[in-house]
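Below you'll find the structure, written out as structure tokens, and then a few comments.
In what follows, every heavy atom counts, from backbone to side chain, and hydrogens, waters and symmetry copies are set aside. All chains are named by letter (A, B, ...) in the order of the sequence lines, taking the proteins before the strands, and each is independently numbered beginning at 1.
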Amino acid sequence: MAEEKKHPLEGTGSPGDQPRQRRATDIENLGVELISGLFMLLGLALFGLLFVQINSDPAIREATRNDTSVFLAFLDSFGIVTPLLIILIGVLFLRLGFNLRKRSVTAARWAELALLWMIVALVLYSIITFVSVGRASITLSNPTFDIGGAILAILPFLVLLVPVFFARRWLTGVLEYIFEGDETLTTRNTRMAWNLLLPTVALLILVAARPLEETFITSLTDKRFAGTGTVNFVGLDNYAKLLQFRIESVNCRSDESGVCQTDNAGTTRWELPSRDLLQLGFRPVGTIDRGNGTGLSIIGTDPDFLQAVGNTLYFTVISVVLELVLGLFVAMVVNSKFSGRGLMRTAMLVPWAIPTVISARLWEVMLRDNQSGLINKILVDLNVIQSSQAWLANPSLQLNTLIMVDVWKTVPFMALLLLAGLQTIPGDLYEAASVDGANRVRQFFSVTLPLLRPTIAVALVFRTLDALRAFDVFQVLLGRQKLSMATYNYETLVQAQNGGYASAIGVIIFILIFIFAVVYVRTLGVETE
Amino acid sequence: MTQKQLTHILGRIGFWLLVVAIALFTLFPFYWALNSSFKSEQEIMGSASYVPSDPTLINYQSVLSNANFIRALGNSALVSGLTVLLALSVGSFAAYALGRIQFRGRTAMLYAVLSMTMFPQISVLAGLFAIVKDLGVFGSPLALIISYPIFTLPFTVWVLTSFFRGLPGEIEQAAYVDGATTFQTFHMILLPLTAPALVTTGLLAFISAWNEYLFALTFTITDPGSYTVPVAIALFSGNIARQEPIAEVMAAAMVVTLPLLALVLVFQNRIVEGLTAGAVKG
């Protein structure tokens with residue numbers, strides 16, 4: 001330190017200087033101290049901000065005064081992700097500050113990056129503030145955008161922008177010779193990766209983090225939807241009620257001669273579960289016939305939900321498999337060369353392009369159970385069926401009808417993704433295969449399919465995700481006749497106003513999707529390479 | 001020789017039959033919508049007919065004179081366009097990191113991104129509503145541009161990641177040897193090679209945003225000037241009181257779908273202009 005004071009002249013070094021061999025000047029040392037101080041200050045400020053916010057939060061104060069759960073009030077106001085994130089960033093900034101003082105080149109590069117993103121964040125935040133403040137004053141009587149107020153609101157950010165901008169510019173200039181140490185490839189890659197990921201992560205945290213964690217938290221409470229009553233923590237009660245089921249052996253209801261009774265549709269009628277189980281809230285979901293008048297009855301505390309799970313899984317598995325097969329088929333066709341290919345690719349996308357709001361209604365009209373329904377008319381005209389069918393009212397046809405509609409709607413999605421995937425397969429592989437005497441079918445199974453696996457995995461992930469959350473088709477075409485998990489979720493939330501319970505359903509859907517996604521990715525190997 | 005010609009001809013016929021079958025499968029409901037859009041409400045309620053008995057343009061007149069609907073077309077184009085731009089620009093960076101760079105926590109990150117879109121829309125609606133209110137953009141199309149990444153971004157990131165992984169490693173090495181920085185390699189060499197994936201994800205994300213209903217309804221309901229197309233159509237009141245104006249809805253469907261199809265027609269050629277064979281040779 002004392003030596004460096006002998007070089008009071010500032011400057012960026014004479015031309016003959018080698019980078020990294022020149023000693024830092026006092027001014028430059030001061031600059032590093034300032035920047036490191038800035039980061040430490042920011043870190044501390046984040047902690048302080050969090051502390052002040054928590055202390056001044058009205059809900060938490062209320063809870064402290066009334067001796068109700070402060071923890072729940074805290075979760076309700078702040079959640080988990082935001083406080084944790086603030087603490088994490090605070091710690092990282094503090095560490096960055098210390099490492100900068102040690103002249104670590106890695107820290108300097110991280111600091112450079114952090115400053116860059118601060119600039120971006122400040123600019124974006126200013127724009128949003130500008131728009132929202134300007135719009136806030138718009139009323140019917142005064143429909144003008146408040147430019148003065150908006151500029152005033154963003155002024156602090158613009159002022160803050162100046163030092164950050166110059167700090168970064170200066171740091172970039174001196175980075176080469178003030179800081180010491182070499183970087184390994186891993187550190188460089190990690191920084192590069194996080195740099196590229198940051199916009200996505202920031203956007204998703206901003207948009208999705210709070211809603212997601214709120215769903216998780218609410219699922220552990222008895223919160224009412226749009227209600228103001230006190231909220232109690234109920235642990236896993238919601239999940240227990242939703243998922244609790246037992247399999248009991250039951251006999252059929254027999255008449256005096258011992259023959260099983262059947263209802264009008266010809267299905268066997270079964271005995272109810274025992275009184276004890278009924279009192280525990282168990283209700284029959286469905287019964288598997290084992291012959292000889294005995295059956296296995298599935299009973300659950302929420303039969304509607306278990307039914308919805310069954311419906312949704314059936315719907316998902318069948319429709320996704322059909323979509324994959326047909327989608328692959330269509331993709332192969334529109335990938336081959338023929339005149340009118342462009343038109344065909346466009347025609348193929350039509351079902352996906354029609355808004356679901358409309359296509360569901362369109363199918364509703366086409367599936368009408370009399371001669372005004374197109375499907376019945378065509379099939380009767382072609383003598384495929386004798387008389388009109390009630391596609392949407394007949395319980396044994398309902399799910400398959402929905403599957404047909406969904407397959408029609410989403411084959412284009414599948415086909416387009418797979419078509420793009422087909423482009424990444426180098427053409428010379430096919431040439432090589434055909435030189436080796438492999439016919440088209442062999443080529444498909446030994447070249448196309450293996451190389452298409454990653455694309456198939458991704459397509460399956462997103463199709464399954466949508467199928468497990470299927471809402472529109474069920475809602476529009478079946479109403480409350482048969483529920484999917486998502487429509488049951490909607491019913492619970494909007495009709496029964498049971499927010500906690502509905503959130504638990506959301507979480508269960510979430511977990512199911514997660515399982516499917518992991519299985520696809522693991523078996524089809526997107527992670528490898 | 002004749003045998004070979006015969007199989008060839010039969011193959012061509014079979015192929016064209018396939019093409020026709022696919023076209024029928026995808027287009028006949030569309031044809032039905034087109035057909036219905038030229039019928040009067042009375043005819044639609046009656047027995048189904050393959051062509052309108054008395055074609056009328058009244059449904060189109062009524063749709064095109066609906067100021068909310070016309071404005072909704074503009075809003076939808078704006079919202080979907082910006083949503084796709086945002087998703088592709090932000091998402092391609094992330095996908096490059098997840099697909100081409102080795103770093104710790106890569107797989108966890110991939111799943112974290114996906115998990116943003118795994119809840120049913122209705123579950124996250126209340127939370128998202130609060131955010132939109134906090135940001136002061138409730139009732140404006142900006143609310144949709146901010147909230148749509150919740151489903152477009154994970155999709156974009158996953159599809160592009162799988163494409164980046166599929167590219168041969170030699171490409172980057174060659175670029176590095178030539179002295180290109182990571183960023184230059186990314187946007188001058190890798191990005192053009194993934195054009196098919198970019199166009200595909202762009203189109204699919206555009207259509208999802210264009211057709212999204214629940215968020216659009218919730219976040220713009222107070223402001224008819226901000227309606228998107230699905231909301232405007234769903235809120236059609238119809239000429240005859242208390243009756244669903246199906247013919248009108250179908251006319252609107254035509255008006256809404258045609259721009260999308262034009263978009264697909266323009267971009268579909270880019271889908272097959274990707275990695276040409278031999279790009280790594282030499």
Heavy-atom pairs under 4.5 Å with chain B are the metric here; pick the option from A502(A), S219(A), S503(A), A208(A) that has the most. A208(A)
Within this structure, what is the OG-CG distance for the pair S123(B) and L493(A), rounded to the nearest 0.5 Å? 7.5 Å
Answer with side chain, backbone, both or neither: which region of L142(B) has an atom nearer than 4.5 Å to a non-hydrogen atom of chain A? side chain
Measuring heavy-atom distances to chain A, does M250(B) have an atom under 4.5 Å in its side chain, in its backbone, in both, or in neither? side chain
Proximity breakdown for I22(B) and chain A, heavy-atom pairs closer than 4.5 Å: both
Sort F206(B) into side chain, backbone, both or neither according to what part of it lies under 4.5 angstrom from a heavy atom of chain A. neither
Can you tell which part of M109(B) gets under 4.5 Å to a heavy atom of chain A, answering side chain, backbone, both or neither? side chain
Is there a donor-acceptor contact under 3.5 Å from the side chain of W408(A) to the main chain of F25(B)? yes
Among L465(A), I509(A), L204(A), which has the most heavy-atom pairs under 4.5 Å with chain B? L204(A)
Less than 4.5 Å apart, any side-chain heavy atom of P29(B) and any of W363(A)? yes
Measuring heavy-atom distances to chain A, does L214(B) have an atom under 4.5 Å in its side chain, in its backbone, in both, or in neither? neither
Shortest non-hydrogen contact from T215(A) toward V124(B): OG1-CG1, 4.5 Å
With a 4.5 Å limit on heavy-atom distance, are the side chains of L265(B) and L343(A) in contact? yes
Measuring heavy-atom distances to chain B, does I375(A) have an atom under 4.5 Å in its side chain, in its backbone, in both, or in neither? side chain
Using a 4.5 Å cut-off on heavy atoms from C-beta on, say whether the side chain of F267(B) contacts that of R345(A). no
Between A420(A) and P196(B), what is the shortest heavy-atom contact and its length? CB-O, 4.1 Å
Against chain A, label V113(B) side chain, backbone, both or neither, depending on which of its atoms sit under 4.5 Å from a heavy atom there. both
F28(B) side chain reached by L374(A) side chain, heavy atoms, under 4.5 Å: yes
Does any part of the side chain of N195(A), heavy atoms only, come nearer than 4.5 Å to the side chain of F93(B), both counted from C-beta? no
Distance col, row R106(B):CZ vs L197(A):CG, nearest 0.5 angstrom, shows 11.0 Å
Contacting region of S140(B) [heavy-atom separation from chain A under 4.5 Å]: both
For chain B, which of D472(A), L417(A), V365(A), L422(A) has the most heavy-atom pairs under 4.5 Å? L417(A)
Counting only heavy atoms closer than 4.5 Å, note whether V256(B) contacts chain A via side chain, backbone, both or neither. side chain
Working to the nearest 0.5 Å, report the span between CG of L203(B) and CG of L349(A). 7.0 Å
Close side-chain approach of V207(A) to I146(B), heavy-atom, < 4.5 Å: yes
Centroid separation F119(B) to F216(A) less than 6.0 Å: yes
When rounded to the nearest 0.5 Å, the distance separating CG of L196(A) from CZ of F103(B) is 9.0 Å
Using a cut-off of under 4.5 Å for heavy-atom pairs, which of V350(A), L198(A), V357(A), L326(A) has the most such pairs with chain B? V350(A)
Using a 4.5 Å cut-off on heavy atoms from C-beta on, say whether the side chain of S115(B) contacts that of F510(A). yes
Roughly how far, to the nearest 0.5 Å, is CG of D134(B) from CZ of R210(A)? 9.0 Å
Is chain B contacted by the side chain of T218(A), its backbone, both, or neither, given a heavy-atom distance below 4.5 Å? neither
Kindly assign one of parallel, tilted or perpendicular to the pair F413(A) and F155(B), based on the angle between their ring planes and the thresholds 30° and 60°. tilted
Against chain B, label M348(A) side chain, backbone, both or neither, depending on which of its atoms sit under 4.5 Å from a heavy atom there. backbone
Looking only at heavy atoms and a cut-off of under 4.5 Å, which of T356(A), T190(A), N489(A), I128(A) has the most pairs with chain B? N489(A)
What are the two closest non-hydrogen atoms of T26(B) and A347(A), and how far apart are they? OG1-O, 3.6 Å
V333(A) side chain reached by F15(B) side chain, heavy atoms, under 4.5 Å: yes
Is V461(A) close to chain B through its backbone or its side chain, or both, or neither, when contacts mean heavy atoms under 4.5 Å? side chain
Output the distance between atom OG1 (T346(A)) and atom CG (L260(B)), rounded to the nearest 0.5 Å. 11.5 Å
Under 4.5 Å to a heavy atom of chain B? For L203(A) that would be side chain
Max heavy-atom pair count under 4.5 Å with chain B, selected residue of G340(A), P199(A), A459(A): P199(A)
Which heavy-atom pair separates M192(A) from I101(B) by the least distance, and what is that distance? CG-CD1, 3.7 Å
Taking side chain as everything from C-beta outward and backbone as N, CA, C, O, which of these in T117(B) sits under 4.5 Å from a heavy atom of chain A? Side chain, backbone, both or neither. both
Of the backbone (N, CA, C, O) and the side chain (C-beta and beyond), which part of L204(B) lies under 4.5 Å from a heavy atom of chain A, both, or neither? both
Can you say whether L98(B) sits under 4.5 Å from chain A via the side chain, the backbone, both, or neither, judging by heavy atoms? side chain
